[in-house]
Visitor: 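Submitted below is the structure of interest, expressed as structure tokens.
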Amino acid sequence: ILTSLEKLEVSPPSPGQLRHVFFHNALPFVGFGFLDNAIMIAAGTQIELSIGVVLGISTMAGKQCWMQNRLFLFSCSSSLAGYVEALASRLGLSIPDLTPKQADMWQTRLSAHLGKAIGVTIGCILGMFPLLFFGDEEEKLEEKN
């Protein structure tokens, strides 16, 4: 026998609630994507240039070393995700007011996943700013060879 609570249908989240879920998930991922890409570009390029010069290895071997270092740098930047989320909550990013059933609905999950994907994409694009500073160094390195 179903209880009266189980018989009640839960209405899907409103568009405003779905926007809240989207931004609640997107903002921390903008910060994470920014830090991840900026760290990987800045540190990865320096590691590649230093290993390649010191060991005198080919570009392909340098790229392989860079890929291995990228895994290490990704684990370092992943550890920053908790700090980004804590900062977002300090800035007033509140948790969406949803019932457990609403939080488990496909609309809510889709909104959350889209927020994460779009947030990390925007963050990675913004995190590409170190590329603005590397053009001169690579040209100087090519002139020496």
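It should be emphasised that the depicted structure is a prediction, and the values quoted were computed from it without experimental measurement.
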Visitor: Tell me, please, which residues at least two apart from His24 pass side chain to side chain contact (heavy atoms under 4.5 Å, CB included).
Guide: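 Counting only residues at least two positions away or on another chain, His24 forms a side chain to side chain contact (heavy atoms under 4.5 Å, CB included) with His20, Leu93, Ile95, Pro96.
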Visitor: Can you give me every donor-acceptor pair (side chain of residues 109-119, partner residue at least two apart or in another chain, under 3.5 Å) with its distance?
Guide:
unit_1, atom_1, unit_2, atom_2, d
Arg109, NE, Asp104, O, 3.0
Arg109, NH2, Asp104, O, 3.1
Ser111, OG, Leu18, O, 2.7
Ser111, OG, Phe22, N, 3.4

Visitor: Please report the closest heavy-atom contact between Met105 and Pro12, naming both atoms and the distance.
Guide: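 Nearest heavy atoms, Met105 then Pro12: SD-CA, 3.6 Å.
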Visitor: Using the test side chain to side chain contact (heavy atoms under 4.5 Å, CB included), find all partners of Thr99 that sit at least two apart in sequence or belong to another chain.
Guide: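 If we apply the side chain to side chain contact (heavy atoms under 4.5 Å, CB included) test to Thr99, skipping adjacent residues, the hits are Val10, Lys101, Gln102.
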Visitor: For Phe23, what residues pass the side chain to side chain contact (heavy atoms under 4.5 Å, CB included) criterion, not counting sequence neighbours?
Guide: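 So Phe23 forms no side chain to side chain contact (heavy atoms under 4.5 Å, CB included) with any residue.
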Visitor: Can you hop from Ile125 to Phe133 via hydrophobic side chains spaced under 4.5 Å?
Guide: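 No.
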Visitor: Looking only at heavy atoms, what is the nearest atom pair of Pro13 and Thr108, with distance?
Guide: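 Looking at all heavy atoms of both residues, the closest pair is CG-OG1, 3.1 Å.
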Visitor: Any link between Val30 and Phe129 through a network of hydrophobic side chains (Ile, Leu, Val, Met, Phe, Trp, Tyr) touching at under 4.5 Å?
Guide: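 Yes, one cluster joins them.
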Visitor: Quick one: pull up CZ in Phe34 and CD1 in Ile122 and give me the separation to the nearest 0.5 Å.
Guide: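 Atom-to-atom, Phe34:CZ and Ile122:CD1 are 13.5 Å apart.
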Visitor: What residues join Val21 in its hydrophobic cluster, counting side-chain heavy atom gaps under 4.5 Å, either direct or through other members?
Guide: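 Answer for Val21: Leu98.
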